Amino acid sequence: MRIIIAKDYEDMSQKAANIFNREITKKPNIVLGLATGGTPERFYELLVQAYKNRLTDWSKVTTFNLDEYIGITKTHKLSYHTYMKEKLFSKINIAKENINLPNAQGDITKNGQTYDQLIAKKGGIDIQLLGIGENAHIAFNEPGSEQDAPTREVTLTKSTIEANSRYFDSIKDVPKTAITMGIGSILKAKKIILIAEGIKKAEAIKNTISGPISEKIPSSFLRTHKDVTLIIDEKAASLIEK
Ligand code: GLP
């Protein structure tokens with residue numbers, strides 16, 4: 001596991017965006033794994049900026065997002081479909097048919113299997129972006145998720161619901177379940193970049209890097225992967241044992 005400590009949020013975002021922009025240039029038909037949340041917002045602005053400056057071409061790029069809420073529609077203003085459309089897809093030349101997000105409507109078990117099969121059919125994810133939850137969840141793999149878990153339905157923990165309630169009018173409106181790529185699906189990516197900023201993530205980052213590899217700390221399973229880079233700001237890095 002490589003750890004890059006960035007000065008601040010801007011520096012973290014630039015370092016991560018530079019890697020993605022470089023990889024897109026190197027491999028025009030790259031398969032990207034993408035994340036949502038507050039942390040990657042500036043990262044997406046920087047990807048859009050590079051596209052507008054003609055440094056990248058997304059016409060052959062394929063994307064797979066990590067997760068989506070169950071119980072709200074795709075077009076809901078706080079769905080991850082809407083997030084991705086607003087922050088990235090509507091601003092670049094990606095082909096609609098190359099955009100993939102987990103389908104949170106209908107038979108979720110079947111949708112999960114179809115999603116994992118589609119990722120495999122496209123040759124697997126070349127580079128996966130991850131954020132991290134305060135309880136060390138990755139995507140929506142909450143503590144207790146198994147290392148080989150596939151894309152499936154999950155129940156969100158109280159702490160995740162509370163953290164995500166900042167976007168909703170009331171905590172009652174936050175979905176309680178989601179469809180998420182599993183840890184097993186994520187670990188199949190060839191390269192993984194995890195970004196984190198702020199003191200709220202410091203404990204999760206410390207536990208990602210040291211201590212037991214365990215279902216209690218979903219992100220600790222990243223230590224079993226051969227190409228993971230954490231790009232974190234100084235605050236998120238502040239509890240790492242020297
Ligand atoms: C949600 C998402 C995760 C994300 C996490 C942290 O739970 N499903 O993919 O990493 O939030 O979000 P933020 O970056 O807003 O702290």
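Sequential numbering from 1 along the given sequence is applied to the chain's residues. As the structure is a prediction and not an experimental result, all values here were calculated from the model. Read the numbers this way: they start at 1 and go in the same order the structure lists the ligands and their atoms.
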* Asked: For atom NZ of Lys190, is the number of surrounding heavy atoms from other residues, nucleotides or ligands below 6.0 Å larger than 12?
  -> yes
* Has ligand 1 got any nitrogen or oxygen that is less than 3.5 angstrom from a nitrogen or oxygen of Asp67? -> yes
* Asked: Is the NZ atom of Lys60 crowded by more than 12 outside heavy atoms at less than 6.0 Å?
  -> no
* Asked: For ligand 1, is there an atom lying under 4.0 Å from some heavy atom of Ala139?
  -> yes
* Asked: When rounded to the nearest 0.5 angstrom, what distance separates CG in Leu34 from OG1 in Thr63?
  -> 5.5 Å
* Asked: If you take all heavy atoms of Asp57 and Ile24, which pair is closest and at what distance?
  -> O-CG2, 3.7 Å
* Around atom 11 (O) of ligand 1, find the nearest protein heavy atom and jot down its residue, atom name and distance. => His137 NE2, 3.9 Å
* Going by the atom numbers of ligand 1, which of them fall below 4.0 Å from some non-hydrogen atom of Gly131? -> 10 (O)
* To do: Taking atom types as modelled, find out whether Glu142 and Thr160 have a side-chain donor-acceptor pair closer than 3.5 angstrom.
  => yes
* Which protein heavy atom lies closest to atom 4 (C) of ligand 1, and at what distance to 0.1 Å? -> Thr36 O, 4.0 Å
* Quick one: does Arg166 get a heavy atom under 4.0 Å from ligand 1? -> yes
* Asked: Any donor and acceptor pair, going by atom type alone, linking the side chain of Gln128 with main-chain N or O of Ala189 inside 3.5 Å?
  -> no
* To do: Could you list the atoms of ligand 1 found under 4.0 angstrom from a heavy atom of Phe140?
  => 1 (C), 7 (O), 8 (N)
* Could an N or O of ligand 1 be found under 3.5 Å from any N or O of Thr160, whether backbone or side chain? -> no
* Taking atom 2 (C) of ligand 1 as the reference point, the nearest protein heavy atom with its distance -> Tyr80 OH, 3.7 Å
* N or O pair under 3.5 Å between Ile132 and ligand 1 -> yes
* **atom 12 (O) of ligand 1 - nearest protein heavy atom and its distance** => Gly37 CA, 4.0 Å
* Does Asp126 reach the main-chain N or O of Val31 with its side chain, forming a donor-acceptor pair under 3.5 Å? -> yes
* N/O to N/O below 3.5 Å, does that happen between Gly38 and ligand 1? -> yes
* Asked: Any side-chain heavy atom of Glu86 sitting closer than 4.5 Å to one from Tyr44?
  -> no
* To do: Check the angle between the aromatic planes of Phe140 and His137 and answer parallel, tilted or perpendicular using the 30° and 60° thresholds.
  => tilted
* Structure fact -> Honestly, for Tyr83 the part within reach of ligand 1 (heavy atoms, under 4.0 Å) is neither
* **Shortest protein heavy-atom distance from atom 14 (O) of ligand 1, along with the residue and atom involved** => Thr39 OG1, 2.4 Å
* Considering heavy atoms of the protein only, find what lies nearest to atom 16 (O) of ligand 1 and give residue, atom and distance to 0.1 Å. => Lys201 NZ, 2.6 Å
* Asked: Rounded to the nearest 0.5 Å, how far apart are CD1 of Ile99 and CZ of Phe89?
  -> 4.5 Å
